[in-house]
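A short worksheet on the structure shown next.
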Amino acid sequence: MYTLKMAPKNRSNLSVEVRNAVDVYSAGLSADELRLLDEATLKAKQDLDEMNALLDQSLARSKKFFEEMNRLRSQA
C-alpha cells in the first residue's frame, strides 16, 4: 500500500516505486536511510561539480601563466 501512495507523490509510476522498494529491502536500508543516502549523494555531486569548476579555472590561469612565461623567454 505504501508504494501505491508514493508513486503520485514522487511523480513516478508504480513499477519504479516497486523497484525502489525492492532495492531498499535488498540493501537492508530503511526508507529514511535511503533518503539520507540520496541527499548525501546529491550534496557530494554538487561539491564535486564545484571543485571541478575551480580546477578548470585554475587550469586556465596556469595555461595563461605558462604561455606568458614562454613568450617572455622567447623575447630574451
Side-chain angles (χ1 to χ4, degrees):
M1 186 59 83
Y2 174 77
T3 304
L4 289 173
K5 292 179 183 177
M6 292 306 296
K9 180 180 175 186
N10 293 335
R11 295 187 183 131
S12 63
N13 60 36
L14 180 59
S15 63
V16 170
E17 293 302 323
V18 169
R19 191 176 314 119
N20 289 341
V22 169
D23 289 344
V24 169
Y25 178 77
S26 64
L29 298 173
S30 70
D32 288 336
E33 290 171 323
L34 185 63
R35 181 185 51 77
L36 290 172
L37 184 59
D38 286 344
E39 289 174 9
T41 301
L42 292 174
K43 176 66 172 134
K45 182 191 179 314
Q46 179 184 18
D47 291 346
L48 288 171
D49 288 345
E50 290 173 7
M51 283 187 251
N52 282 333
L54 181 61
L55 288 170
D56 287 343
Q57 292 171 0
S58 297
L59 180 61
R61 284 195 308 264
S62 296
K63 284 182 179 179
K64 288 179 183 177
F65 172 79
F66 286 112
E67 287 170 358
E68 181 66 12
M69 291 221 11
N70 287 336
R71 186 185 67 76
L72 292 172
R73 282 184 185 160
S74 68
Q75 290 178 353

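Computed from heavy atoms alone, side chains included, the values below leave out hydrogens, waters and symmetry copies.
Connectivity analysis of hydrophobic side chains (ILVMFWY, heavy atoms under 4.5 Å, direct or indirect) links L48 to M51.
Put simply, the side chain of D38 reaches to within 4.5 Å of the side chain of L34, judged on heavy atoms. Between R35 and D32, some side-chain heavy-atom pair lies under the 4.5 Å cut-off. Looking only at side-chain heavy atoms (C-beta outward), R71 and E67 stay at 4.5 Å or farther from each other.
Each of L36, L37, T41 was scored for a side-chain contact (heavy atoms from CB on, under 4.5 Å) with E39, with one residue passing: L36.
In this structure, NZ in K45 is found 10.5 Å from CD in E50, a value given to the nearest 0.5 Å.
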